[in-house]
Amino acid sequence: MKKRNANTVRYDVDLDNLPPLTEKQKAELAALSELPDDEIDYSDIPALSDEQLKNAGRGRFYRPVKQQITARVDADVLDWLKSQGKGYQARMNAILRREMLASMKSQKRT
């Protein structure tokens with residue numbers, strides 16, 4: 001079980017009960033959506049260097065939707081997964097994802 005930091009503050013946002021946008025906010029959003037990309041002011045956001053982009057990761061915060069299934073797994077495979085400690089289902093998913101990505105990568109080459 002993870003320990004919670006006593007200083008951690010969590011907020012839940014009820015998206016269904018947000019206050020409605022004001023007419024001024026609606027007008028600002030409409031004006032921004034009409035603005036061409038080359039006219040966007042990035043002065044407060046410095047451009048990233050090639051060195052910074054080299055370390056960038058794609059989909060770092062992506063969390064795929066989980067789907068509950070029933071699967072038959074060989075007993076020795078399940079024992080091995082469980083022997084590694086808690087989180088055997090997440091480990092199984094990681095192994096399957098690694099194989100899926102490797103397969104997709106090899107299919108692109110052909």
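This chain uses plain numbering: 1 for the first residue, then up along the sequence. All values below were derived from every heavy atom in this structure, side-chain atoms included, with hydrogens, water molecules and symmetry-related copies excluded.
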> Going hydrophobic residue to hydrophobic residue with side-chain gaps under 4.5 angstrom, can you get from Tyr42 over to Leu35?
Replying inline: yes

> Can you tell me if CE on Met104 sees more than 12 non-hydrogen neighbours from other groups inside 6.0 Å?
Replying inline: no

>> So does Ser43 get a backbone contact from the side chain of Asp41, meaning a donor-acceptor N/O pair under 3.5 Å?
In response: yes

>> Count I, L, V, M, F, W, Y as connected when their side-chain heavy atoms are under 4.5 Å apart, and connections chain through other members. Are Leu96 and Val77 then in the same cluster?
In response: yes

>> Distance check, rounded to the nearest 0.5 Å: Glu23 atom CD versus Glu28 atom CD?
In response: 12.0 Å

> Under 4.5 Å between any side-chain heavy atoms of Leu32 and Ile40, yes or no?
Replying inline: no

>> Quick check on Asp50: does its CG atom have over 12 non-hydrogen neighbours (other residues, nucleotides or ligands) under 6.0 Å away?
In response: no

> What heavy-atom pair brings Ser33 and Ala30 nearest, and what distance separates the two atoms?
Replying inline: OG-O, 2.8 Å

>> If the test is side chain to side chain contact (heavy atoms under 4.5 Å, CB included), which one of Leu78, Asn93, Asp79 qualifies with Tyr88?
In response: Leu78

> Gln52 side chain to Ser49 main-chain N or O, any donor-acceptor pair under 3.5 Å?
Replying inline: yes

>> To the nearest 0.5 Å, what is the distance between CD on Gln89 and CD on Gln68?
In response: 8.5 Å

>> Closer than 3.5 angstrom, by distance alone: can the side chain of Gln25 be matched with the main-chain N or O of Thr22 as a donor-acceptor pair?
In response: yes

> Within the distance-only criterion (no hydrogens, no angle test), does the side chain of Arg91 pair as donor or acceptor with the backbone N or O of Gly85 below 3.5 angstrom?
Replying inline: yes

> Between atom CZ of Arg97 and atom CD1 of Ile95, what is the distance when rounded to the nearest 0.5 Å?
Replying inline: 13.0 Å

>> Please find the pair of heavy atoms, one from Leu21 and one from Lys26, that lie closest to each other, and give the distance.
In response: O-CE, 3.6 Å

